[in-house]
Structure formats: structure tokens, C-alpha cells
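Below is one structure; the comments refer to it alone.
Note that the numbering runs from 1 along the sequence shown for the chain.
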Amino acid sequence: MSAVTTTEAAVTVAPAKDTPQVRRRRRLSPGRRLPAARLAGPVLLLALWAAASAAGQLDPAAIPAPWTVVRTGAHLWTDGTLPTDILTSLQRAATGFAIGLVAGVLLALASGLSRTGEALIDGTVSLNRAIPTLGLIPLFILWLGIGETFKVAIIAIVVYIPIYLNTHAALSGIDHRFVELAEVQGLSRFAFVRQIVVPGALPGFFVGLRLGVTGSWLGLVVLEQINATSGLGYMMFQAQNYGQSDVILVGLVVYGVFGLVSDSAVRLIERRVLSWRRTLSS
């Protein structure tokens, strides 16, 4: 009786030894988004800067300590210099960005939705892109003078080129089967643009928008050092003449904060508008 029981137990246990173990699936995605993850890099950089300054590894005349820059920024703010320069720079950047945004979108739509428009516009924009935009400054000064107009015009050119290129590329990448489906459904031109063109072009548009926002600040920091009487770039140029590196760093920090905030705002809008997409970033 005991032998039979032993045999049955062996028969019962044997299949369990042959059952393969289920391997845990490896996760290939980046994982969940960390809160305030984009601030980790700047905070680490600030910590290293502060540590190097406290240890005496940095020349205070060349790279002042963070607390020195903060004191200088507070002094410039209280005497009214910094708020005035910030407001002037924001007005220039906003005006040039708005003009470049409208121009880039309209040109991309005209070029992406019409062969005639593409023939007339795409090559011209490509030629404009090949010419360094900042190299146009002397010519624009001759055309428009040394006032605000030429600065806004240069910023608009810097902004519209990436917006046009990325939006046009997104339009060109729309699957032609969607166009055929719209024709079969008898959609009007307006309905076709609203239901197919706009959703298909939005991912590329937001990429161009982020590049345009960054480009507006990069162009501004150069333009405000040319025949300007106000603005952050002018403040930094004057500080250079007097060897005030702390004032220059104040201007750079303000530019950096504005660039980071504006880019983060565009990314937030992009995630909200394109919430229907399932991507690595989401």
C-alpha cells in the first residue's frame, strides 16, 4: 500500500518539475514621469556652482558666487533698472514671436496644401534658411533703421523658419489614405482642414513652436546689444564695458528662466492638446 502511495505521489509531483517558469516581461518604456523632473538639471548645476564658489575654486571676478548674483539682481530690481529692461525685452520678443508664428503657419498651410504654393514658397524658405539670419542685421539696419522695427523683423524671421519647416513636414507626412477617405466622404475644404489637416500637423507644429520660442530668446540677446538703449541685452552690454560680470550673469539667468518657462508652457499645452496620443513621453 505504501509503495502505491509513493508511486502516485511521484506521478503527481513529476509534472510540476517539467512546468517552465514564466519569465517576467522586461519594461522597455522610460517609466512614470517624475514630478518637476526638468528642474533636476538646473538645481544640480546651481548646487555645483555654489559648492565651487564656497570652496574658492572659481574666480569671483570672472564667475561670481550665486549669492552675489542674487544680491545684484535684487539691487537692480529695487532701483527699477531690471523691471524696465525685462518689460522691454518681453515686448520685443512677444511682438516678433507673434509675427513669426502667424507667418510660419500661414506659409506652411499654403505650401503644404497646394502644389503651386509649394513651388513658390518652399524653395524661398529653404533659401532663407540657408542664409544666417543674424547676417541679415546690417542689411535690415539699412532698410529699417536702428529702431525697434529691425529687431522685431529679425526675431520674426528666426521664429517663422522652424515653425514653417516642422509644420510643412508634418503636413507632407499625412497619410494619403486619409485624403482619399475625405474625398469619398465628400468633406468640404474647411472640414478637410479641420478634421484631417490640423490634427495631422499639430505634432510637427508644436516641435516648430518650441524651436521658435527658443529662437526668439537667442535672437533677442544678440539684437539688444546692437544700437539699443534698453533691454536685458543692453544691460549686459553696458555691464561688459564696466567689467560687471555679476550683472551679466543676472541677465543670463533671466534669459534662461524665461526660456525654460516658455518652453515648459509650450510642452504643457502640447500634452493637453495631444492627450490622445500614446507616446514615450506620456
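Residue Phe140 places its CZ atom among more than 12 non-hydrogen atoms of other residues, nucleotides or ligands, all under 6.0 Å distant. In the displayed structure, Trp77 atom CH2 is contacted under 6.0 Å by at most 12 heavy atoms of other residues, nucleotides or ligands. Other residues, nucleotides and ligands place no more than 12 heavy atoms under 6.0 Å from the CZ atom of Phe237.
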Please walk me through it: do Met236 and Gln240 pass side chain to side chain contact (heavy atoms under 4.5 Å, CB included)? CA-CA 6 Å; Met236 295 167 61; Gln240 174 193 346; over 6 Å; no
Could you check Thr88 against Arg92 for side chain to side chain contact (heavy atoms under 4.5 Å, CB included), going step by step and ending with a plain yes or no? CA-CA 6 Å; Thr88 302; Arg92 288 172 180 155; 3.6 Å; yes
Show, in sequence, the C-alpha distance, side-chain angles and deciding distance for Lys151 and Glu224, and conclude whether the salt bridge (charged side-chain N to carboxylate O under 4.0 Å, His left out) test is met. CA-CA 8 Å; Lys151 297 180 179 64; Glu224 288 189 330; over 6 Å; no
Check step by step if side chain to side chain contact (heavy atoms under 4.5 Å, CB included) holds for Val179 and Phe192. CA-CA 8 Å; Val179 182; Phe192 169 70; 4.1 Å; yes
Criterion side chain to side chain contact (heavy atoms under 4.5 Å, CB included) on Ile154 and Val222, from CA distance to verdict: CA-CA 10 Å; Ile154 293 293; Val222 176; over 6 Å; no
Before you tell me yes or no, could you show the steps for Glu270 and Arg267 under salt bridge (charged side-chain N to carboxylate O under 4.0 Å, His left out), namely the whole-Å CA-CA distance, both residues' side-chain angles and the distance that decides it to 0.1 Å? CA-CA 5 Å; Glu270 179 183 10; Arg267 288 167 63 97; over 6 Å; no
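In the hydrophobic clustering of ILVMFWY residues, with side-chain heavy atoms under 4.5 Å counting as a link, Val266 and Val261 come out apart. If you chain together hydrophobic residues whose side chains sit under 4.5 Å apart, Val221 and Met235 fall into the same group. The hydrophobic cluster containing Leu220 does not contain Ile99, counting ILVMFWY residues as joined when their side-chain heavy atoms lie under 4.5 angstrom apart, directly or transitively. Linking ILVMFWY side-chain heavy atoms closer than 4.5 Å, directly or via other members, places Val207 and Val197 in two distinct hydrophobic clusters. Cluster membership for Ile86 and Leu252, using ILVMFWY side-chain heavy atoms within less than 4.5 angstrom, is shared.
Counting heavy atoms from C-beta outward, Thr116 and Ser114 have side chains that approach closer than 4.5 Å. In this structure, Leu211 and Ile161 have side chains that are not in contact, with every pair of non-hydrogen atoms separated by 4.5 Å or more. In this structure, Leu107 and His168 have side chains that are not in contact, with every pair of non-hydrogen atoms separated by 4.5 Å or more. Between Ser188 and Arg194, every side-chain heavy-atom pair lies at or beyond the 4.5 Å cut-off. Contact of the Arg210 side chain with the Val213 side chain is not registered, since no non-hydrogen atoms from C-beta on lie closer than 4.5 Å. Ile141 has its side chain within reach of Ile226: a pair of non-hydrogen atoms, C-beta onward, lies under 4.5 Å apart. Ile196 has its side chain within reach of Ile174: a pair of non-hydrogen atoms, C-beta onward, lies under 4.5 Å apart.
Taking CD1 of Ile163 as the reference point, atom CG of Leu165 lies at 10.5 Å (rounded to 0.5 Å). Interatomic distance, Phe178 CZ to Gln185 CD, rounded to the nearest 0.5 Å: 13.0 Å. With rounding to the nearest 0.5 Å, the separation of OG in Ser264 from CD1 in Ile269 is 11.0 Å. One finds the CG atom of Asp122 at 11.5 Å from the CG atom of Leu127 (value rounded to the nearest 0.5 Å). If you take CG on Leu134 and CG on Leu218, they are separated by 9.0 Å, rounding to the nearest 0.5 Å. The line from CG of Leu109 to CZ of Phe205 is 10.0 Å long, rounded to the nearest 0.5 Å.
No donor-acceptor distance shorter than 3.5 angstrom exists from the side chain of Trp49 to the backbone of Ile63, with no hydrogens or angles considered. A donor-acceptor pair is defined here as one N or O able to donate and one able to accept, closer than 3.5 Å; no such pair exists between the side chain of Asp85 and the backbone of Leu232. Using modelled atom types, one side-chain atom of Thr78 and one backbone atom of His75 make a donor-acceptor pair closer than 3.5 Å. In this structure, Thr149 contributes its side chain and Gly145 its backbone to no donor-acceptor pair below 3.5 Å. Using modelled atom types, no side-chain atom of Thr68 and backbone atom of Pro64 make a donor-acceptor pair closer than 3.5 Å.
Contact record, Leu274 with Pro203: CD1-CA, 3.9 Å, taken as the closest heavy-atom pair. Contact detail for Gly112 and Leu171: the closest heavy-atom pair is CA-CD1, 4.1 Å. Between Ser53 and Leu58, the shortest heavy-atom contact is OG-CD1, 3.6 Å. Residue Asn166 comes nearest to Gly204 through the heavy atom pair CB-O, 3.1 Å, listed as atom of the first residue, atom of the second, then distance. Closest approach of Tyr160 to Ala103, counting heavy atoms only: CB-CB, 4.4 Å. Of all heavy-atom pairs spanning Gly73 and Leu82, the tightest one is O-CD2, 3.9 Å.
Under the side-chain contact (heavy atoms from CB on, under 4.5 Å) test applied with Ile157, the options Ile131, Val152, Asn128 reduce to a single match, Asn128.
Residue pairs meeting the ring-ring contact (aromatic ring centres under 6.0 Å, His included) criterion with at least one member in residues 239-275, sequence neighbours excluded, are Trp217-Phe258.
For the 3.5 Å distance criterion, the side chains of Ser111 and Tyr164 qualify, holding a donor opposite an acceptor.
For the side-chain hydrogen bond (donor to acceptor under 3.5 Å, both in side chains) test, no residue two or more places apart in sequence or in another chain qualifies with Thr167.
Leu106 forms part of a hydrophobic cluster together with Val102, judged by ILVMFWY side-chain heavy-atom separations under 4.5 Å.
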